[in-house]
Amino acid sequence: VQLQASGGGLVQAGGSLRLSCAGSGRTFSTYAMGWFRQAPEKEREFVSSIRWNSGNTYYADSVKGRFTISRDNAKNTVYLQMNSLKPEDTAVYYCAAGGRAYYREYQQYDYWGKGTQVTVSS
């Protein structure tokens, strides 16, 4: 599976962005998908994940209630709607494909796309 994230940009605090992750390959719909982020000099951290059939979604406490993950398997795409953005959300955001939606460690994901930069100004 090849993945490509897009949709990042510069936004003011309180604003919104929608990230997309386009996947290639017939097996995309069989994978759980996750979003991670990495700020400068920080470890890559879990943001959200979704089961292959959208049946379960998971969120980090820091984004719960503000971010929404979804997917469209017909389009091989997973989305991350980010609302009420805060300066501390500034990071490079990565999408990843893995075996289980409840995985929260980046080492548990098998495929990664190049990240997209999200910058939130105060």
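Just so you know, these numbers use all the heavy atoms, side chains as well, and skip hydrogens, waters and symmetry mates. Each residue takes its place number in the sequence, starting with 1.
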### Message
Main chain of Ala101, side chain of Ser49: is a donor-acceptor contact present, judged purely on distance under 3.5 Å?
### Response
yes
### Task
Taking the side chain as every heavy atom from C-beta outward, state whether Leu17 and Val118 have any atom pair closer than 4.5 Å.
yes
### Message
Ignoring hydrogens, what is the shortest heavy-atom contact between Ala39 and Ala91? Give both atom names and the distance.
### Response
N-CB, 3.8 Å
### Task
Could you tell me the separation between the CD atom of Gln4 and the SG atom of Cys21, rounded to the nearest 0.5 Å?
8.0 Å
#### Entry: Ring centres under 6.0 angstrom apart (Phe36, Trp112)
yes
### Task
Mind listing the closest non-hydrogen atom pair of Val120 and Thr90 along with its distance?
N-OG1, 2.9 Å
#### Entry: Value rounded to 0.5 Å, distance of CG in Asn73 from OG in Ser54
6.0 Å
#### Entry: Side-chain heavy-atom pair Leu19, Tyr93 within 4.5 angstrom cut-off
yes
### Candidate pair Arg66 and Lys86, rule side-chain contact (heavy atoms from CB on, under 4.5 Å), full reasoning
CA-CA 10 Å; Arg66 300 188 297 123; Lys86 304 176 181 180; 3.8 Å; yes
### Query
Under the 3.5 angstrom rule, does the side chain of Asn76 hit a backbone N or O of Gly25 as a donor-acceptor pair?
yes
### Query
Are Arg71 and Phe28 in a cation-pi contact, defined as NZ or CZ under 6.0 Å from the six-membered ring centre and within 45° of the axis?
yes
### Task
Just jot down the salt bridge (charged side-chain N to carboxylate O under 4.0 Å, His left out) partners of Arg37, sequence neighbours excluded, or say none.
Glu45, Asp89
### Query
Do the side chains of Tyr94 and Gln38 get nearer than 4.5 Å, heavy atoms only?
yes
### Query
Is there side-chain contact between Leu85 and Gln12, with heavy atoms separated by less than 4.5 Å?
no
### Query
Is Gln81 close to Ser70 at the side-chain level, that is, under 4.5 Å between some pair of heavy atoms?
no
### Query
Any chain of hydrophobic side-chain contacts (each under 4.5 Å) joining Trp35 to Tyr111?
yes
#### Entry: Asp72 side chain to Thr77 side chain, donor-acceptor N/O pair below 3.5 angstrom
no
### Task
Find out whether Thr68 and Tyr59 are in side-chain contact, i.e. whether some heavy atom of one side chain is under 4.5 Å from a heavy atom of the other.
yes
### Query
Any side-chain heavy-atom pair from Ile69 and Val78 closer than 4.5 angstrom?
yes
### Message
Assess the residue pair Val11 and Thr119 against the criterion (side-chain contact (heavy atoms from CB on, under 4.5 Å)); give the C-alpha distance rounded to whole Å, side-chain angles, the decisive distance to 0.1 Å, and a yes or no.
### Response
CA-CA 6 Å; Val11 63; Thr119 303; over 6 Å; no
### Task
Let me see the working for Phe67 and Ser48 under side-chain contact (heavy atoms from CB on, under 4.5 Å), right down to the final yes or no.
CA-CA 8 Å; Phe67 291 10; Ser48 182; 5.8 Å; no
### Summary
So the side chain to side chain donor-acceptor pair (under 3.5 Å) pairs with at least one residue in residues 98-110 (sequence neighbours excluded) are none
### Task
Drop me the distance from Ser6's OG to Arg18's CZ, to the nearest 0.5 angstrom.
10.0 Å
### Query
Given Met82 and Val63, is the side-chain contact (heavy atoms from CB on, under 4.5 Å) satisfied, shown in steps?
CA-CA 8 Å; Met82 306 186 296; Val63 307; over 6 Å; no
### Query
Which pair of non-hydrogen atoms, one from Ser122 and one from Pro87, has the smallest distance, and what is that distance?
CB-CG, 3.8 Å
### Task
Inspect the surroundings of CD in Gln2 and state if more than 12 heavy atoms from other residues, nucleotides or ligands are less than 6.0 Å away.
no
### Nearest heavy atoms of Gly23 and Leu3, plus distance in Å
CA-CD2, 3.9 Å
